[in-house]
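Contents: one structure, followed by commentary.
By convention here, the first residue in the shown sequence is residue 1. Just so you know, ligand 1 is whichever comes first in the structure, and atom 1 is the first atom listed for that ligand.
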Amino acid sequence: MPLQLDSLAPLAPRLPSPLQEVEDERFTRRGLRLLLKRDDLIHPALPGNKWRKLAPNLRSVAETGHRRLLTFGGAYSNHLRATAAAGRLLGLHTVGVVRGDELAGRPLNPSLARCAQDGMLLHFVSRAEYRRRADPDFHDELRARFGACAVVPEGGSNTAAVRGCALLGGELRGRTDVAAVACGTGGTLAGMAAGLSAGQRALGVPVLKGGFLAGEVARLQRESFGGPRGDWWLEGRFHGGGYAKVSPRLSDFAADFAGHHGLPALDEIYVAKLLFALTNLAAEGAFPRGSTVTAVVTGQSFPAKP
Ligand SMILES: *Cc1c(COP(=O)(O)O)cnc(C)c1O
């Protein structure tokens with residue numbers, strides 16, 4: 001039986017997400033206002049941009065009548081956890097194709113354990129196989145193995161997701177001069193930039209090394225909107241060594257920032273790197289005096305810290 005649209009009710013979001021001003025001396029000293037766009041509060045089980053990207057996909061899965069969702073991610077993927085949680089809440093089967101077949105024989109880390117608890121079937125593949133994650137032939141092989149399913153790409157970043165993230169930009173119209181977001185696949189930046197109005201700028205802070213992201217954001221905008229949209233740029237100096245590399249200095253910065261502003265523990269892989277980047281850019285004088293800078297809090301720390 002196809003999923004009924006009204007059964008998406010368990011995913012009911014808190015939207016627009018709150019916009020919160022924080023008084024931070026490192027910004028006020030430079031004549032800047034710092035706002036936090038609290039996307040981490042959108043939904044307890046699917047926080048942040050993962051709700052914005054998954055919800056439109058789940059809507060189309062509901063429409064096509066699929067009962068199974070297959071997607072891809074690394075061992076600590078927030079996207080896999082959010083997909084598994086959505087599956088549990090909606091009664092959909094979920095399959096997670098996980099990078100690294102060496103993980104198969106080991107106890108699950110807390111993130112994958114949560115996925116499994118939420119009913120996700122975990123399929124570990126080698127790094128070489130994982131590189132085929134966008135290959136339609138690989139998807140057919142996976143369908144032959146796991147049955148008919150809707151396939152959502154790594155990080156959830158397809159055209160439906162990017163269009164979903166344009167609503168994030170829409171919520172920031174008239175509210176800020178710069179809207180900044182940490183980037184993995186770049187899908188959130190691609191959508192957010194498209195949703196802002198003329199004169200507003202979007203800043204992406206890549207958390208991965210490699211310099212491939214500008215091309216990816218351009219491709220995602222082309223596929224989702226038919227061409228370039230919005231005024232966006234990337235600051236590639238703040239990946240801190242690469243994906244999930246968190247130095248003691250960054251950890252200290254994150255704990256201090258959260259403590260100082262009474263926030264829940266920051267996600268260190270993305271959100272802490274974003275705020276660290278903005279703090280450094282403010283010190284460098286990258287934003288004109290009098291500007292408002294908004295940092296999108298795209299998620300929560302996992303596992304939650306006390
Ligand atoms: C997935 C994720 C991102 C990256 O989003 P992309 O659209 O892949 O660039 C940023 N922040 C958090 C907390 C995330 O979970």
Stepwise, does the ring pair (Phe, Tyr, Trp, His ring centres under 6.0 Å) test hold for His139 with Phe72? CA-CA 11 Å; His139 297 175; Phe72 305 85; 5.6 Å; yes
In this structure, CG of Leu90 is separated from CG of Leu54 (nearest 0.5 Å) by 10.0 Å
Per-atom filter on ligand 1: closer than 4.0 angstrom to a heavy atom of Gly299 are 13 (C)
Indicate yes or no: does an N/O atom of Gly186 lie under 3.5 Å from an N/O atom of ligand 1? yes
Can you tell me if Gln221 and Arg229 form a side-chain donor-acceptor pair at under 3.5 Å? no
Applying side-chain hydrogen bond (donor to acceptor under 3.5 Å, both in side chains) to Arg81 and Asn78, what does each step give before you reach the verdict? CA-CA 5 Å; Arg81 269 199 329 280; Asn78 291 341; 2.8 Å; yes
Using only heavy-atom distances, determine whether the side chains of Glu25 and Thr28 contain a donor-acceptor pair under 3.5 Å. no
Near Cys183, which atoms of ligand 1 are under 4.0 Å from a heavy atom of that residue? 9 (O)
Can you find an N or O of Thr185 that's nearer than 3.5 Å to an N or O of ligand 1? yes
Does a donor on one side chain and an acceptor on the other come within less than 3.5 Å for Ser224 and Thr159? no
Which of the numbered atoms in ligand 1 are below 4.0 angstrom from a heavy atom of Thr188? 5 (O), 6 (P), 7 (O)
Below 3.5 angstrom, do we get any N/O pair linking Thr298 and ligand 1? yes
Where's the contact between Ile269 and ligand 1, heavy-atom distance under 4.0 Å: side chain, backbone, both or neither? neither
Measure the distances from the heavy atoms of Gln300 to every atom of ligand 1 and state whether one is below 4.0 angstrom. no
Atom 5 (O) of ligand 1 has as its nearest protein heavy atom Asn49 ND2, 2.9 Å
Considering non-hydrogen atoms of the protein only, which is the closest contact for atom 10 (C) of ligand 1, and what is the distance? Tyr270 CD2, 3.2 Å
Tell me which part of Lys50 gets within contact of ligand 1: side chain, backbone, both or neither, using heavy atoms under 4.0 Å. side chain
Does an N or O from Asp267, backbone or side chain, lie closer than 3.5 Å to an N or O of ligand 1? no
Under 4.0 angstrom from ligand 1, any heavy atom of His79? no
N or O contact, Gly184 vs ligand 1, cut-off under 3.5 Å: yes
Establish, yes or no, whether the cationic atom of Arg201 lies under 6.0 Å from the six-membered ring centre of Trp233 and within 45° of the ring axis. yes
What I want to check is whether the side chains of Asp39 and Ser17 have a donor and an acceptor closer together than 3.5 Å. yes
Within the 4.0 Å heavy-atom shell around Asn78, which atoms of ligand 1 are there? 13 (C), 14 (C), 15 (O)
Could you check whether atom CZ of Phe253 has more than 12 heavy atoms from other residues, nucleotides or ligands sitting under 6.0 Å from it? yes
Ligand 1 to Lys53, heavy atom cutoff 4.0 Å, flagged ligand atoms 5 (O), 6 (P), 7 (O), 8 (O)
Hey, which of Arg132, Arg133, Lys53 is the one that makes salt bridge (charged side-chain N to carboxylate O under 4.0 Å, His left out) with Glu154? Arg133
